[in-house]
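Heads up, the thing below is written out as structure tokens.
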2 protein chains.
Amino acid sequence: MGLFLSTFVNKVDRKGRVSVPATFRATLAQQSFQGIIAYRSFTNACIEGCGMDFMERLSDSAQTLDAFSPEQEDLSALIFADARQLSWDPEGRILLPEDVMAHAGITETAAFVGKGQTFQIWSPDAYRALEAEIRARALSSRPTLPLKPKAPAGDSR
Amino acid sequence: MGLFLSTFVNKVDRKGRVSVPATFRATLAQQSFQGIIAYRSFTNACIEGCGMDFMERLSDSAQTLDAFSPEQEDLSALIFADARQLSWDPEGRILLPEDVMAHAGITETAAFVGKGQTFQIWSPDAYRALEAEIRARALSSRPTLPLKPKAPAGDSR
DNA sequence: GTCAATACCATTGACGCCCATAAATACCCA
DNA sequence: TGGGTATTTATGGGCGTCAATGGTATTGAC
């Protein structure tokens with residue numbers, strides 16, 4: 001399947017180029033588009049990133065909303081209209097557009113944060129602060145997750 | 001199925017390498033990623049460890065939560081963003097990152113503690129203390145576990 | 001022509017791979 | 001059953017490779 005895991009902080013050079021972490025590139029390698037899809041988060045000061053496959057899944061999911069409904073309108077504007085296809089160069093770097101960098105407050109370094117099916121790009125400082133907050137909250141709230149049973153993917157033994 | 005059982009204490013060399021116990025490697029052998037996934041526990045001073053298969057199960061389970069929901073955000077930050085893919089070398093060793101070692105208070109030796117489907121990595125001293133505590137508590141509380149009936153052949157669903 | 005995007009090349013530092021050794025265990029055979 | 005040997009595991013260190021990064025050249029659009 002290929003998940004986006006871990007957090008990587010990479011430098012943004014004066015041209016606005018950043019290396020996409022090699023492991024992220026590996027999970028995106030067999031997808032149709034050789035690069036990432038990026039759009040500005042509408043809940044956080046960060047950039048949402050994913051591959052073309054996930055974008056198509058989002059599109060499928062959005063179709064459960066009625067066509068021409070306000071929800072559909074909003075979601076389209078927030079995601080599809082804002083999404084940019086950023087292909088990487090031979091070295092695995094993408095060029096971050098100005099307005100996207102501004103939205104996330106990214107200047108010299110960018111943090112690629114794995115979220116499983118997707119990832120986010122943050123200003124390292126901003127993400128550190130958020131992470132500390134979440135971790136502090138987790139100490140008292142102790143979040144849990146009901147585990148789904150193992151998928152029956154033919155492992156006989 | 002292959003369970004993580006027993007506790008093994010191994011040395012951390014000056015490069016930060018530790019041997020993953022051979023029996024643990026054996027249970028992970030036929031998984032897609034040749035190594036372990038490790039993330040800092042958000043309740044204890046230890047490292048949570050598992051294989052890629054378990055991580056994918058976690059990801060599947062997390063998708064029952066809505067995309068962009070706060071619960072999803074928190075869980076991603078605590079697990080997926082913090083998860084490191086530590087592949088082992090031909091000798092079966094992994095490289096423990098600095099901050100991970102610091103979180104668990106590991107310096108010279110590391111204790112691999114089996115927990116069935118997953119395992120944990122502790123500072124041996126810290127784990128000894130915790131184990132004594134748990135054992136003392138068990139003397140008075142006498143915990144029990146309702147046994148599930150034996151599954152006939154196939155998996156649960 | 002200018003500007004920006006992209007391809008090309010060069011450096012370095014971390015990590016993965018190979019060796020070699022020691023200890024512990026499993027195995028074999030008398 | 002006991003002794004001896006072979007195999008596996010844990011550990012230590014040197015070296016090559018690749019990912020990340022910075023710079024330069026080339027291309028193409030306006």
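Letters A, B, ... mirror the listed sequences (proteins, then strands); counts begin at 1.
The side chain to side chain donor-acceptor pair (under 3.5 Å) pairs that include a residue from residues 4-14 of chain A are A:Asp13-A:Arg17, where partners are two or more places apart or lie in different chains.
Shown for residues 32-40 of chain A: no residue has heavy atoms falling under 4.0 angstrom of DNA chain D. Near DNA chain D, meaning a heavy atom under 4.0 Å away, the residues from residues 6-15 of chain A are A:Asn10, A:Lys11, A:Asp13, A:Arg14, A:Lys15. For the segment residues 92-108 of chain B, residues with any heavy atom less than 4.0 angstrom from an atom of DNA chain C are, sorted by number, B:Arg93, B:Leu95.
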Given the rule that a pair is Watson-Crick or G-U wobble with both distances under 3.5 Å, how would you write DNA chain C in dot-bracket, using | for pairs to a different strand?
||||||||||||||||||||||||||||||
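In this structure, B:Asp60 does not pair ionically with A:Lys148, as no charged nitrogen and carboxylate oxygen lie closer than 4.0 Å. One finds no salt bridge joining B:Asp74 and A:Arg135 here, because no Lys/Arg side-chain nitrogen approaches an Asp/Glu carboxylate oxygen to under 4.0 Å. With salt bridges taken as basic N to acidic carboxylate O contacts below 4.0 Å, one links A:Glu131 and B:Arg40.
Checking side-chain atoms of B:Thr64 against main-chain N and O of B:Ser61 turns up a donor-acceptor pair under 3.5 Å. Judged by distance alone, the side chain of A:Arg93 and the main-chain N or O of A:Trp88 form no donor-acceptor pair under 3.5 Å.
What separates CG of A:Asp89 from C1' of D:dT21 is a distance of 11 Å, to the nearest Å. Between the P atom of C:dA14 and the CG atom of B:Leu86 lies a distance of 17 Å, rounded to the nearest Å. Here C:dT21 presents its C1' atom at 12 Å from CD of B:Glu91, a figure rounded to the nearest Å. Rounded to an integer number of Å, the gap from CZ of B:Phe24 to C1' of D:dT9 is 15 Å. To the nearest angstrom, P of C:dA5 lies 13 Å from CZ of A:Arg84. Whole-Å rounding puts the B:Arg17 CZ to C:dA14 P distance at 15 Å.
Atom-to-atom distance recorded for B:Ile36:CD1 and B:Leu86:CG is 5.0 Å, nearest 0.5 angstrom. Distance check: A:Gln85 CD to A:Gln34 CD gives 12.0 Å after rounding to the nearest 0.5 Å. Between the CG atom in B:Leu58 and the CD1 atom in B:Ile37 there is a gap of 10.5 Å [rounded to 0.5 Å]. Taking CD1 of B:Ile106 as the start and CD of B:Glu98 as the end, the distance is 12.0 Å to the nearest 0.5 Å.
Dashed line: the shortest gap from a side-chain N or O of B:Arg25 to OP1 or OP2 of D:dA10 is under 4.0 Å.
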N/O donor-acceptor pairs under 3.5 Å from side chains in residues 43-56 of chain A, not counting sequence neighbours:
from, atom 1, to, atom 2, distance (Å)
A:Thr43, OG1, A:Ser41, OG, 3.3
A:Glu48, OE2, A:Gln120, NE2, 3.1

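In this model, a donor atom of one side chain and an acceptor atom of the other lie less than 3.5 Å apart for B:Ser59 and A:Gln117.
A:Val18 comes within 4.0 angstrom of nothing in the nucleic acid, heavy atoms only.
Between B:Phe68 and A:Phe42, the angle of the ring planes lies from 30° to 60°, which puts this pair in the tilted group.
A centroid separation of 6.0 Å or more is found between the aromatic rings of A:Phe4 and B:Phe80.
With C:dC18, D:dA10, D:dT21 as the choices, the nucleotide that has an atom nearest any side-chain atom of B:Ala22 turns out to be D:dA10.
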